[in-house]
Enquirer: 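Quick one: the structure is below, questions incoming.
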Number of protein chains: 4
Amino acid sequence: MPKVGMEPVRRRALIDAAISTIGERGGLDVTMSQIAGRAGVSSALAHHYFGAKDDLLQATMRHLLAELASEAREALKTARTARDRVSAVIAVSFSASQFQPETVGAWLAFYVEAQKSPAMRRLLRVYARRLHSDLMSGLRHLLAAEDAIVAAEGIAALIDGLYIRRALKEDTPDTVSAVRLVEDYLETKLQSRGT
Amino acid sequence: MPKVGMEPVRRRALIDAAISTIGERGGLDVTMSQIAGRAGVSSALAHHYFGAKDDLLQATMRHLLAELASEAREALKTARTARDRVSAVIAVSFSASQFQPETVGAWLAFYVEAQKSPAMRRLLRVYARRLHSDLMSGLRHLLAAEDAIVAAEGIAALIDGLYIRRALKEDTPDTVSAVRLVEDYLETKLQSRGT
Amino acid sequence: MPKVGMEPVRRRALIDAAISTIGERGGLDVTMSQIAGRAGVSSALAHHYFGAKDDLLQATMRHLLAELASEAREALKTARTARDRVSAVIAVSFSASQFQPETVGAWLAFYVEAQKSPAMRRLLRVYARRLHSDLMSGLRHLLAAEDAIVAAEGIAALIDGLYIRRALKEDTPDTVSAVRLVEDYLETKLQSRGT
Amino acid sequence: MPKVGMEPVRRRALIDAAISTIGERGGLDVTMSQIAGRAGVSSALAHHYFGAKDDLLQATMRHLLAELASEAREALKTARTARDRVSAVIAVSFSASQFQPETVGAWLAFYVEAQKSPAMRRLLRVYARRLHSDLMSGLRHLLAAEDAIVAAEGIAALIDGLYIRRALKEDTPDTVSAVRLVEDYLETKLQSRGT
DNA sequence: AATGAATGAGCCTTCATTCAT
DNA sequence: AATGAATGAAGGCTCATTCAT
């Protein structure tokens with residue numbers, strides 16, 4: 001029952017299907033048929049809208065990044081103090097929508113893919129830079145310049161590390177304890193200010 | 001002219017070839033032929049010694065873990081104080097042999113694989129537990145029980161996070177700054193002891 | 001805003017597009033989308049007007065043949081002598097409209113297709129017969145019956161052969177030298193009449 | 001029942017299968033499976049020995065050319081006079097092994113392919129040049145320089161033209177009449193020498 | 001001990017074709 | 001009149017795996 005104006009619907013459905021398929025299977029070695037099937041269409045249609053598999057995957061990654069960026073923007077908007085800004089960024093990284101095992105699995109898979117694919121690497125770098133600058137927008141006012149940078153790097157590394165652990169699905173940190181761990185790191189950094 | 005006693009030699013060569021191939025290509029989607037070729041043998045021989053591809057991959061991961069464990073044991077042997085023990089564990093994680101891009105790439109690939117393969121996941125869990133207990137063997141004497149656990153988890157997460165960043169190959173932390181970041185974290189934790 | 005009476009316009013546009021697409025790509029393995037796209041319409045419309053791809057291709061070939069026949073008819077009309085008739089047929093075969101690389105490429109592609117498709121073969125046979133009878137309409141008066149037939153066959157073969165060489169696009173005979181070669185053949189045949 | 005030293009056997013079988021499949025189907029749009037199947041092996045094996053489909057097709061064409069060249073060399077060896085040399089070249093072009101419908105169909109298909117594939121075009125050019133020089137090796141002694149060149153081009157075009165007609169499989173010239181036609185052309189050229 | 005030979009299964013991708021609008 | 005939406009079928013190619021030697 002074909003209708004007109006299906007393109008955006010299908011594109012979105014296919015990207016969503018890609019995320020969950022990748023997350024569930026835990027890797028980018030998913031087939032177009034699996035993705036298309038989960039989206040309820042034929043694999044030919046996926047090619048029709050996205051071209052090659054790589055293009056679909058990149059679009060998926062871009063979607064993931066855009067979603068994260070949008071959430072971050074939203075969260076920063078309501079943050080009143082510099083301290084709040086930092087916590088907001090941390091919170092978003094572990095928000096319900098981002099820290100689901102499925103999404104985390106997809107993230108990790110993309111990280112690995114970035115080792116081979118310059119296009120993916122470029123996308124991830126954008127994310128890394130934005131995360132850094134978002135963190136700095138708060139830390140800058142709380143710590144000396146150099147300390148702020150170290151703290152930002154530490155927080156970023158912690159987030160990535162917790163994502164990895166989360167992806168392994170067992171014995172993994174839940175949202176709350178993940179946030180607590182990073183916040184604790186931040187807190188000690190802030191308190192050692194005067195030392 | 002077949003020789004006797006080649007088995008251990010071939011197994012080792014194949015595992016080494018697997019590590020470098022995986023590290024170079026940045027993923028587990030390497031072919032048996034690539035690995036075997038790099039080891040200078042036919043792919044049939046790889047099957048002869050390891051059975052299936054998965055078996056070779058698992059053996060490779062086990063080798064990686066064993067090497068890390070051995071280095072850690074060695075380092076801990078010469079550590080005199082509790083404080084030294086913690087630094088030793090950190091140092092080993094970023095030692096020359098472990099923190100090479102190739103090896104790091106392989107590690108990351110295995111992390112991803114662990115999402116699908118229970119066998120791999122089990123292996124990684126062993127590593128995580130040992131890392132934790134190695135860290136605790138020092139931290140236990142430096143911090144209150146709960147704080148020690150948090151610190152151990154933080155350090156572990158930081159290490160993983162820095163590995164990811166390293167794998168992306170550009171703009172990435174070198175050995176020295178990676179160690180410094182983790183040590184800095186540790187240091188602030190220790191100093192905030194009295195707070 | 002659909003218009004009425006578009007059918008002949010579209011059919012013609014599609015056939016023209018087919019010729020140039022086939023000629024350009026040098027084979028019948030062109031897609032309906034390519035043809036339709038060049039004609040400025042959707043591929044669905046091509047099916048609407050022609051049914052299947054084969055039908056469009058056959059219509060294209062028929063168009064090519066009809067054009068050739070029409071040119072020949074025109075040329076023969078103005079030929080005064082028997083000798084002129086033969087030269088007229090030769091000239092048409094290498095006329096500007098027929099001997100363009102694009103058209104030649106299409107011709108050759110159809111020749112190959114004719115090996116598989118009886119329908120195409122039938123069409124080509126019609127062309128071959130007409131060429132033969134056109135040639136004979138002049139040669140009959142210039143040579144003995146048997147010699148005339150041989151000459152007609154020779155000329156026909158030469159034309160096809162020169163088409164092939166032209167299709168290869170490099171080092172190929174231009175219009176003038178092609179005509180000269182065939183005319184030379186004809187001339188020697190005529191002069192050896194008395195031998 | 002795998003044995004060693006099968007490579008040359010398989011390569012040859014696959015090339016033979018390619019020729020007959022192409023000749024029979026009348027085009028290069030044959031599948032690897034068809035070719036491999038006719039050779040009695042899996043399509044995977046065809047890829048194993050030849051790489052891509054294009055490579056197999058090029059090898060096939062090269063084989064065809066080599067065979068022709070070899071036959072020509074042989075025939076020229078026994079030719080005593082200049083006149084004999086020319087006839088020998090003509091004879092080879094229509095020899096039993098070359099002028100079979102299957103082989104002729106393959107030739108034609110390759111001609112068409114050459115329009116797209118520079119590699120194929122290069123191969124065909126080599127053939128064209130050799131044919132030309134083989135013809136000239138005789139004609140040079142029988143005609144004035146310019147006339148010899150024209151005759152060589154005429155003969156070559158005739159041969160190609162007769163191949164086309166033969167490929168269409170019906171109403172086509174048999175070996176004998178094809179040779180007669182070309183020889184007749186040659187004869188008239190030689191006799192018009194003094195004119 | 002080691003390998004060449006061989007294949008089945010699977011994936012990406014293309015394309016003619018159909019259908020509802 | 002015209003098209004976007006959608007798919008089934010098919011083909012090229014890769015690869016892990018097996019087997020006889």
Side-chain angles (χ1 to χ4, degrees), chain A residues 1-7 9-10 29-36 39-56, chain B residues 1-7 9-10 29-36 39-57, chain C residues 1-7 9-10 29-36 40-57, chain D residues 1-7 9-10 29-36 40-56:
Chain A
M1 44 205 116
K3 289 179 184 174
V4 283
M6 294 305 289
E7 172 148 5
V9 180
R10 296 303 188 198
D29 55 346
V30 294
T31 74
M32 286 296 267
S33 296
Q34 286 164 359
I35 296 174
V41 298
S42 71
S43 72
L45 196 68
H47 279 99
H48 178 62
Y49 282 125
F50 285 96
K53 185 184 178 183
D54 263 8
D55 298 323
L56 170 54
Chain B
M1 46 203 114
K3 297 171 187 168
V4 284
M6 291 304 286
E7 171 147 4
V9 180
R10 296 303 191 196
D29 54 348
V30 295
T31 73
M32 288 295 269
S33 296
Q34 286 164 357
I35 296 174
V41 298
S42 72
S43 72
L45 195 68
H47 276 98
H48 178 63
Y49 282 127
F50 286 96
K53 185 184 180 184
D54 268 2
D55 299 323
L56 167 55
L57 255 28
Chain C
M1 41 203 113
K3 296 172 189 167
V4 283
M6 292 304 287
E7 172 148 5
V9 180
R10 296 303 191 196
D29 54 346
V30 295
T31 73
M32 287 296 268
S33 296
Q34 285 165 357
I35 296 174
V41 299
S42 72
S43 72
L45 195 67
H47 277 96
H48 178 63
Y49 281 126
F50 286 96
K53 186 186 180 183
D54 267 2
D55 299 322
L56 168 55
L57 255 28
Chain D
M1 42 204 116
K3 289 177 184 174
V4 284
M6 293 306 290
E7 173 148 4
V9 180
R10 296 305 188 198
D29 54 346
V30 295
T31 73
M32 287 296 268
S33 297
Q34 285 164 359
I35 296 174
V41 299
S42 72
S43 73
L45 196 68
H47 279 102
H48 178 61
Y49 282 126
F50 286 95
K53 185 185 177 185
D54 264 8
D55 298 323
L56 169 54

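Chain identifiers are assigned alphabetically (A, B, ...) following the order of the sequence lines, protein sequences preceding nucleic acid strands; residue numbering begins at 1 within each chain.
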Enquirer: Rounded to whole angstrom units, what separation is found between the NE2 atom of His48(D) and the C1' atom of dT18(F)?
Expert: 14 Å
Enquirer: Give the rounded distance in Å between these two atoms: CE of Met32(A) and P of dA10(F).
Expert: 21 Å
Enquirer: Partner lookup for dA9(F), please. Criteria are Watson-Crick or G-U wobble with both distances under 3.5 angstrom; report none if nothing qualifies.
Expert: dT14(E)
Enquirer: Taking CG from Asp29(C) and P from dA10(F), how many angstroms apart are they, rounded to a whole number?
Expert: 19 Å
Enquirer: Please check the phosphate of dA6(F) (OP1 and OP2 only) for any side-chain N or O of Tyr49(A) closer than 4.0 Å.
Expert: yes
Enquirer: For Gln34(D) and dG12(F), give me the distance from atom CD to atom C1', rounded to whole Å.
Expert: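 Answer to the nearest Å: 13 Å.
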Enquirer: Taking CG from Leu45(C) and C1' from dA1(F), how many angstroms apart are they, rounded to a whole number?
Expert: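 Whole-Å distance recorded here is 7 Å.
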Enquirer: NE2 of His47(A) to CG of Leu56(A): how many Å apart, nearest 0.5 Å?
Expert: 8.5 Å
Enquirer: Rounded at 0.5 Å granularity, tell me how far OG in Ser43(D) sits from NE2 in His48(D).
Expert: 13.0 Å
Enquirer: Assign each of Val30(D) and Ser42(C) to its nearest nucleotide of DNA chain F by heavy atoms, then name whichever residue's nucleotide is nearer the 5' end.
Expert: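 Per heavy-atom nearest nucleotide, the more 5' residue is Ser42(C).
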Enquirer: In whole angstrom, what separates Asp54(A)'s CG from dC11(E)'s C1'?
Expert: 14 Å
Enquirer: To the side chain of Met6(A), which of dA16(E), dT3(F), dA5(F) is closest?
Expert: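 The listed nucleotide nearest to Met6(A)'s side chain is dA5(F).
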Enquirer: Taking the side chain of Lys53(B) as heavy atoms from C-beta outward, which of dG8(F), dT3(F), dT17(F) is closest to it?
Expert: dT17(F)
Enquirer: Any donor and acceptor pair, going by atom type alone, linking the side chain of Lys53(D) with main-chain N or O of Val30(D) inside 3.5 Å?
Expert: yes
Enquirer: For dG4(F) and Arg10(A) - does any side-chain N or O of the residue sit under 4.0 Å from the phosphate oxygens OP1/OP2?
Expert: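 Checking dG4(F) against Arg10(A), no side-chain N or O comes under 4.0 Å of OP1 or OP2.
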Enquirer: If you compare all heavy atoms of Phe50(B) against all heavy atoms of Asp55(B), which two are closest, and at what distance to 0.1 Å?
Expert: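 In terms of heavy atoms, the two residues are closest at O-CB, 2.9 Å.
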Enquirer: Starting at the 5' end of DNA chain E and moving along, which residue's nearest nucleotide shows up first, Ala44(D) or Ala46(B)?
Expert: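 Per heavy-atom nearest nucleotide, the more 5' residue is Ala46(B).
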Enquirer: Taking any strand in view, what nucleotide pairs with dT21(F) in a Watson-Crick or G-U wobble way, both distances under 3.5 Å?
Expert: dA2(E)
Enquirer: Taking the side chain of Thr31(B) as its heavy atoms from C-beta onward, which of dG8(F), dT18(E), dC15(F) lies nearest to it?
Expert: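 Closest nucleotide among those given: dC15(F).
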Enquirer: Which nucleotide wins on minimum distance to the side chain of His47(D), given the candidates dA6(E), dC15(F), dC13(F)?
Expert: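 From the listed options, dC13(F) comes nearest.
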Enquirer: Side chain of Ser43(D) only, heavy atoms from C-beta on: which candidate in dT17(F), dG8(E), dC13(F) is closest?
Expert: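 The closest nucleotide is dC13(F).
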Enquirer: Rounded to the nearest 0.5 Å, what separation is found between the CG atom of Asp29(D) and the CG atom of Asp29(C)?
Expert: 7.5 Å
Enquirer: Any strand is fair game: report the nucleotide pairing with dT7(E) by Watson-Crick or G-U wobble, both distances under 3.5 Å, or none.
Expert: dA16(F)
Enquirer: Can you tell me the distance, in whole Å, between the CD atom of Glu7(A) and the C1' atom of dG4(F)?
Expert: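 Rounded to the whole Å, the gap is 10 Å.
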